[in-house]
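Report on the structure given below.
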Amino acid sequence: MPRKIIIDTDPGIDDAVALLLALASPEELEVLGIVTVAGNLPLALTERNARRVCELAGRADIAVYAGCARPLLRPLATAAAIHGDTLGERLGLPEPAMPPQARHGVDFIIEVLRGAEPGSVTLCALGPLTDIAMALVKAPDIAARIGELVMLGGAAFEIGNVTPAAEFNIHVDPHAAAIVLGSGAPITMIPLDVTHQVLSTPPRLAALRALSNHNGSAVAALLDSFEAARTNRFGARGTALHDPCVIAYLLCPKLFRGRKVNVAVETASPLTLGMTVVDWWGVTDRVPNVDYMTEVEADRLYALLADRLVLLP
Ligand code: RIB
Ligand code: CA
């Protein structure tokens with residue numbers, strides 16, 4: 001029985017690869033819908049990119065919803081310099097023909113969770129947590145109905161990637177992260193401590209380039225552009241493949257290892273805003289609220305990615 005999931009995302013190059021991995025795995029994952037959020041790019045672009053990726057995967061049947069257009073309190077700060085203004089140009093994708101859904105993405109999340117068997121739906125958060133937080137504020141009862149929230153975000157043993165202290169998704173909307181972390185929902189966090197081990201090294205990229213299908217070569221092209229756009233902080237070792245780690249965790253959790261700890265988030269300090277404060281050694285009396293991943297078998301993750309992408313058109 002495939003696992004029912006809702007993906008909340010800000011595509012975004014690595015988000016696009018994560019969406020393709022999910023859509024390539026219908027036996028394990030039933031994508032109930034995709035909700036887009038402002039983050040890497042403004043909402044109008046993330047929403048359009050999500051529909052483009054669904055069509056690229058041959059899945060124009062997937063319902064794509066627009067979520068929140070800005071963080072709860074902070075002004076929106078995008079990563080357009082890295083992700084470009086649209087995936088279309090990078091991949092030569094046409095304007096999406098499939099229509100966006102009229103319902104707001106936050107309402108979609110609430111309605112699905114309220115209508116489903118408690119614990120039967122997994123939320124996958126690939127961008128800032130604005131939509132998830134808004135759903136929890138509007139409908140606090142859904143916290144107990146979430147089967148698992150698997151989120152890309154945070155950092156502890158790695159430093160931040162958007163400030164020295166903060167990872168991008170948390171930094172864009174730290175207040176949303178605080179609401180989600182305090183909700184009591186079962187949370188699994190995939191932080192930079194994991195994704196910085198999942199670099200698109202030349203051998204790993206070569207294996208993706210060798211894929212004969214259109215989606216395989218599209219992903220290789222996307223990762224090439226991702227690498228070119230960044231300041232190449234990892235040098236020749238490629239760039240960190242963030243969001244696909246969330247989907248890989250759902251497909252093969254044994255590739256990951258971590259610990260249940262308390263994670264809190266800084267929402268006030270100008271110096272460390274968005275920092276995830278991870279009580280790894282249990283030195284506070286704060287209650288563990290997150291399964292925090294720190295280890296991953298990166299080569300096996302790339303092999304899984306290649307094995308699945310080749311199943312797409
Ligand atoms: O810090 C990495 C995260 O921020 C990824 O989700 C990437 O897509 C950006 O949203
Ligand atoms: Ca993302």
Side-chain angles (χ1 to χ4, degrees), residues 6-22 34-43 45-50 52-53 64 67-68 70-71 74 76-87 90 105 123-132 149-174 176-177 180 188-200 219 222-223 225-227 229-231 233-234 238-250 263 265 273-276 292-293 296:
I6 293 172
I7 303 175
D8 192 275
T9 179
D10 61 334
I13 291 173
D14 57 322
D15 301 70
V17 181
L19 290 174
L20 290 173
L21 178 57
I34 293 171
V35 179
T36 53
V37 67
N40 281 323
L41 296 166
L43 179 64
L45 294 181
T46 60
E47 187 279 324
R48 190 174 64 178
N49 283 339
R52 278 183 157 140
V53 171
V64 175
C68 295
R70 53 146 299 169
R74 287 182 50 76
L76 175 63
T78 70
I82 292 170
H83 293 269
D85 60 359
T86 169
L87 292 179
R90 293 176 194 265
L123 300 184
C124 306
L126 310 182
L129 291 166
T130 315
D131 293 337
I132 313 291
L149 166 63
V150 187
M151 58 171 283
L152 190 290
F157 302 101
E158 285 285 319
I159 59 168
N161 61 355
V162 69
T163 73
E167 177 278 326
F168 178 82
N169 286 339
I170 308 297
H171 186 260
V172 167
D173 199 340
V180 171
T188 299
M189 193 178 270
I190 311 284
L192 299 184
D193 309 303
V194 162
T195 65
H196 284 186
Q197 301 174 50
V198 189
L199 300 180
S200 56
V219 165
L222 278 176
L223 295 183
S225 67
F226 200 25
E227 186 175 321
R230 299 190 70 85
T231 53
R233 55 191 69 173
F234 299 103
T239 192
L241 192 58
H242 303 292
D243 293 334
C245 290
V246 169
I247 306 302
Y249 175 83
L250 295 179
V263 178
V265 59
L273 186 73
M275 179 178 183
T276 45
Y292 189 86
M293 296 297 120
V296 61

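Each ligand, and each atom within it, is numbered from 1 in the order the structure gives.
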Minimal heavy-atom distance between N161 and F168, with the atoms involved, is OD1-N, 2.9 Å

For G160 and L192, which heavy atoms make the closest approach, and how far apart are they?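 In terms of heavy atoms, the two residues are closest at C-CD1, 4.1 Å.
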
Who are the salt bridge (charged side-chain N to carboxylate O under 4.0 Å, His left out) partners of E47, not counting sequence neighbours? R51

In a check of side chain to side chain donor-acceptor pair (under 3.5 Å) between N40 and each of D15, T46, T78, which one passes?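 Between N40 and the candidates, side chain to side chain donor-acceptor pair (under 3.5 Å) is satisfied uniquely by D15.
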
List ligand 1 atoms under 4.0 Å from [X], heavy atoms only on the residue side.
X    : answer
F168 : 1 (O), 4 (O), 9 (C), 10 (O)
D14  : 5 (C), 6 (O), 7 (C), 8 (O)
D243 : 5 (C), 6 (O), 7 (C), 8 (O)
E167 : 1 (O), 2 (C), 3 (C), 4 (O)
L152 : 2 (C), 3 (C), 5 (C), 6 (O)
N40  : 7 (C), 8 (O), 9 (C), 10 (O)

Side chain to side chain, [X] and [Y], heavy atoms closer than 4.5 Å:
X    : Y    : result
V150 : M293 : no
R70  : L43  : no
L76  : V172 : yes
L129 : N169 : no
C245 : V296 : no

Using a heavy-atom cut-off of under 4.0 Å, does the side chain or the backbone of [X] touch ligand 1, or both, or neither?
X   : result
D10 : side chain
D15 : side chain
I13 : neither

For the 3.5 Å polar cut-off, considering only N or O atoms, please tell me whether L126 and ligand 1 meet it.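 In this structure, L126 places an N or O atom under 3.5 Å from an N or O of ligand 1.
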
Short N/O distance, under 3.5 Å, between N169 and ligand 1? yes

Got a sec, which residues hit side-chain contact (heavy atoms from CB on, under 4.5 Å) with A18, two or more places apart in sequence or on another chain? L126, D243, P244, I247

Please identify each residue that fulfils side-chain contact (heavy atoms from CB on, under 4.5 Å) with A50, with sequence neighbours left out.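 P11, I34, T36, V64.
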
The protein N, O or S atoms lying under 3.0 Å from the Ca ion (ligand 2) are D10 OD1, D15 OD1, D15 OD2, L126 O, D243 OD2

